[in-house]
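Here is the structure we will look at.
Here is the naming used below: chain letters follow the sequence lines, and residue numbers restart at 1 for every chain.
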Protein chains: 2
Amino acid sequence: MGVVGTRMTKQKSLILDLVKGTKCHPTADWVYQEARQQIPDISLGTVYRNLNALANQGMIREMNYAGTSSRYDGDVSQHYHFVCQDCGFVYDLPLEPLKAIDDLVENQENHKVAGHRLEFYGRCKSCKIQEKQ
Amino acid sequence: MGVVGTRMTKQKSLILDLVKGTKCHPTADWVYQEARQQIPDISLGTVYRNLNALANQGMIREMNYAGTSSRYDGDVSQHYHFVCQDCGFVYDLPLEPLKAIDDLVENQENHKVAGHRLEFYGRCKSCKIQEKQ
DNA sequence: TTAAATGCAAAACGTTTGCATATCC
DNA sequence: GGATATGCAAACGTTTTGCATTTAA
């Protein structure tokens, strides 16, 4: 059915390389457009199936909390993002992971906290420069 | 066109009341289903138009960073959420707003930081109890 | 050899929009 | 009275899925 497992194909391998090889936090369509240049008849469905599979296996991260379409991140280490409200670009931040707050919430609220997502937004340094008026 | 302004209608007033009157961080469809019970022929388009208008006017908050469909929050004060990965319920957290980190990122990265979103996830206290094995 | 992944195209999903009618100010 | 919001239904962009064929193991 629609689920992709652990078998390695040239499509899956390419998709993984593309996501791992960029810092642009790409959308599925970006991956599709890039992939077509090396496998011209790859389908968008295959891109989605493999992005989901790779995310489930923990090899990439899906970040579906910033805007309309999902973005993917090849860096699965704990880190935070800054999203520019003007140009939409997603920057990585070198901010130290806030470890203590998970315990704080867990103790205060009695939920089992698996982790947190933290995202900053505003106007990025590039857009600040082009500031018109 | 598709944009709703400042005129008050019974639809808009009802939608505002519904969002303000619940702590369930409802989706547009939840608001629609509730609204139909009082205005049977209200349309889903009107619900979306008014939710967008109310969010633009700062009277409610759109939270489109947790899952597939947008949720809305009648509490516009700065606060954080815990999202249960099992049941999907969104809890408010009494955690103190982290004010200092915006400045930290702004100074470190030279972006203009307007704010941040912080969301915790895991298994909520209700789902923990029903834990099978 | 055969279970699993692919390409293709259609469908599903949440959301937006064009238009004629109704409504608020 | 006139601008604006509504209901309706069609359209939109993203993502998923059914199916016949191809491919990795």
Next item on the list: Using only heavy-atom distances, decide whether a donor-acceptor pair under 3.5 angstrom links the side-chain of B:Arg7 to the base of C:dC25.
Entry: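 There is none.
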Indicate whether any N or O donor in one side chain lies under 3.5 Å from an N or O acceptor in the other, for [X] and [Y].
| X | Y | result |
| --- | --- | --- |
| A:Thr46 | A:Gln11 | no |
| B:Tyr121 | A:His111 | no |
| B:Asp75 | B:Ser77 | yes |

Just how far, in rounded Å, is [atom2] of [N] from [atom1] of [X]?
| X | N | atom1 | atom2 | answer |
| --- | --- | --- | --- | --- |
| B:Tyr32 | D:dT6 | OH | P | 14 Å |
| B:Ile15 | D:dT6 | CD1 | P | 7 Å |
| A:Leu51 | D:dT14 | CG | P | 14 Å |
| A:Lys12 | D:dA24 | NZ | P | 13 Å |
| B:Leu14 | C:dC24 | CG | P | 13 Å |
| B:Leu16 | D:dA5 | CG | P | 15 Å |
| A:Arg71 | D:dT14 | CZ | P | 11 Å |

Margin query: Suppose we screen for salt bridge (charged side-chain N to carboxylate O under 4.0 Å, His left out). Which residues come up paired with B:Asp86, at least two apart in sequence or across chains?
Written below: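 If we apply the salt bridge (charged side-chain N to carboxylate O under 4.0 Å, His left out) test to B:Asp86, skipping adjacent residues, the hits are B:Arg123.
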Does [N] have OP1 or OP2 sitting under 4.0 Å from an N or O in the side chain of [X]?
| X | N | value |
| --- | --- | --- |
| A:Tyr48 | D:dT15 | yes |
| B:Asn52 | C:dT15 | no |
| A:Ser70 | D:dT15 | yes |

Check: Within the structure shown, what part of the strands sits under 4.0 Å from B:Asn50 by heavy-atom distance: base, sugar-phosphate, or nothing?
Finding: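 Sugar-phosphate contact only.
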Note to self: Categorize A:Thr6 for me: base, sugar-phosphate, or nothing, with a 4.0 angstrom heavy-atom threshold over every strand shown.
What the structure shows: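 Counting heavy atoms under 4.0 Å across all strands, the contact made by A:Thr6 is with sugar-phosphate only.
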Note to self: Assuming nearest nucleotide by heavy-atom distance, tell me which of B:Thr9 and B:Thr27 is located more 5' along DNA chain C.
What the structure shows: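 The residue whose closest nucleotide sits nearer the 5' end is B:Thr27.
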Margin query: Among B:Lys20, B:His81, B:Arg61, B:Lys23, exactly one meets side chain to side chain donor-acceptor pair (under 3.5 Å) together with B:Asp73. Which residue is that?
Written below: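 Between B:Asp73 and the candidates, side chain to side chain donor-acceptor pair (under 3.5 Å) is satisfied uniquely by B:His81.
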Checklist line | Connected-component partners of B:Val47 among ILVMFWY, side-chain separation under 4.5 Å | finding: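 Noted: B:Val47 shares its cluster with B:Leu14, B:Ile15, B:Leu16, B:Leu18, B:Val19, B:Trp30, B:Val31, B:Tyr32, B:Ile39, B:Ile42, B:Leu44, B:Tyr48, B:Leu51, B:Leu54, B:Met59, B:Ile60, B:Tyr72.
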Next item on the list: Any chance you could measure A:Tyr80, atom OH, to A:Leu118, atom CG, to the nearest 0.5 Å?
Entry: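 Spacing of OH (A:Tyr80) from CG (A:Leu118) equals 5.5 Å.
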Check: Quick one: what's the B/S/- string for nucleotides 7-12 of chain D, heavy-atom cutoff under 4.0 Å, read 5' to 3'?
Finding: BB----
